[in-house]
Amino acid sequence: MKHFLEENNFTKEEIQSIFENAFRFKENRKARPSLDLKDQSWGMLFYKNSTRTRVSFEVGIRELGGNPILLDLSSTQIGRGESVQDTAKVLSRFLDGLVIRTHGHDLITEFANYAEIPVVNALTDFLHPCQIYSDCMTLLEKTSDSQNPAEGLKDKKLAFFGDTSCNMANSWILAGAIWGLDIWLCGPEEFKPTKEIEDFCRKFDLPIQWHFTSDCKKAAHQADVLYTDVWVSMGCEDQKNERMEKMSPFRITEDLFEIANQNALFMHCMPAHPGEEVTEEVLGSTRSILFDQAENRLHMQKAILKQLVNIQN
Ligand code: CP
């Protein structure tokens, strides 16, 4: 059974096909050229809040002819302690696929082990692969003639500021390892990339080639993209004061763009907190492409689902 839990789960050829289809879906959205999920029912099990991921998957499944079913902890037995094993096996008897947003990456892996249907990672504490695929689509759209990330993103410098131990930082590390982006992570020492992502790269023979620094100027120097995410991720609310204090030197400001490449872009996976991880000035500037990132979630989710369905067939 093919699942999409991590950025490296698809082959080079499958990735090329996914990106081409995402661009095609965007160009032809009104014509709805593809009904790959016709008459299929896909579950969407969300343990955490979501706006972009949830709505883009729900709309995407419908636009591909399928039927999305939203499941949450308060209305299902898994929220009352039913096992992952039994839930995965039962849902496999009803559904054609399952999109999951949860905390531990081990939980989604356990679901995938017991499921007899494809499982898609809609975010774990470790990785956010659907976001990275659509962010790379947005970067290609803005900076390259190629629709293939391995060609169009190679050697582009992306500097990520703030919590560099978070799922988005890990996912950028994997994007760099797979597609050759030059990834710089800039934040407090206490929040540097963890051993877990290094071990993951070693396990799958992915190059360990990212840079970590606490020097914002070094990270921003000649960067093509300055990227950030919230400082207080879901589940870290009890560390709010400590995180705000430690990360405030790593806020993205206009000054950093003076050091970056002339046409450098600002990216953020959202939700954004103006005045915290980024200034209002940068958020509202012409460099800021976060709403294009958000829109492309829809086109990319559809392309990922299409690929998974075609592989199973
Ligand atoms: N970027 C992202 O995953 O947004 P949501 O949490 O709203 O889904």
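On a predicted model such as this, the values are computed, not experimentally measured, just so you know. In listed order, ligands and their atoms are each counted from 1.
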What atoms in ligand 1 come closer than 4.0 Å to a heavy atom of [X]?
X: Gln131; value: 1 (N), 2 (C), 3 (O)
X: Met270; value: 1 (N), 2 (C), 4 (O)
X: Thr51; value: 5 (P), 7 (O), 8 (O)
X: Arg297; value: 1 (N), 2 (C), 3 (O)
X: His128; value: 2 (C), 3 (O)

| What is the nearest protein non-hydrogen atom to atom 4 (O) of ligand 1, stated with its residue, atom name and distance? | Arg52 NE, 2.9 Å
Check this for me: does any side-chain nitrogen of one of [X] and [Y] sit under 4.0 Å from a carboxylate oxygen of the other?
X: Asp224; Y: Lys142; result: no
X: Lys89; Y: Asp86; result: no
X: Glu20; Y: Arg24; result: no
X: Glu237; Y: Lys240; result: no

Polar contacts were defined as any N/O atom of the residue lying under 3.5 Å from an N/O atom of the ligand; does this apply to [X] and ligand 1?
X: Leu123; value: no
X: Asn49; value: no
X: Pro271; value: no

| query | More than 12 foreign heavy atoms under 6.0 Å from CD of Glu27: is that the case here? | reply | no
| Quick check, are the ring centers of Phe204 and Phe200 under 6.0 angstrom apart? | yes
| Side chain, backbone, both or neither: Arg101 near ligand 1, heavy atoms under 4.0 Å | side chain
| request: Check the pair Ile69 / Phe94 against side chain to side chain contact (heavy atoms under 4.5 Å, CB included), numbers first and verdict last. | output: CA-CA 11 Å; Ile69 300 171; Phe94 301 137; over 6 Å; no
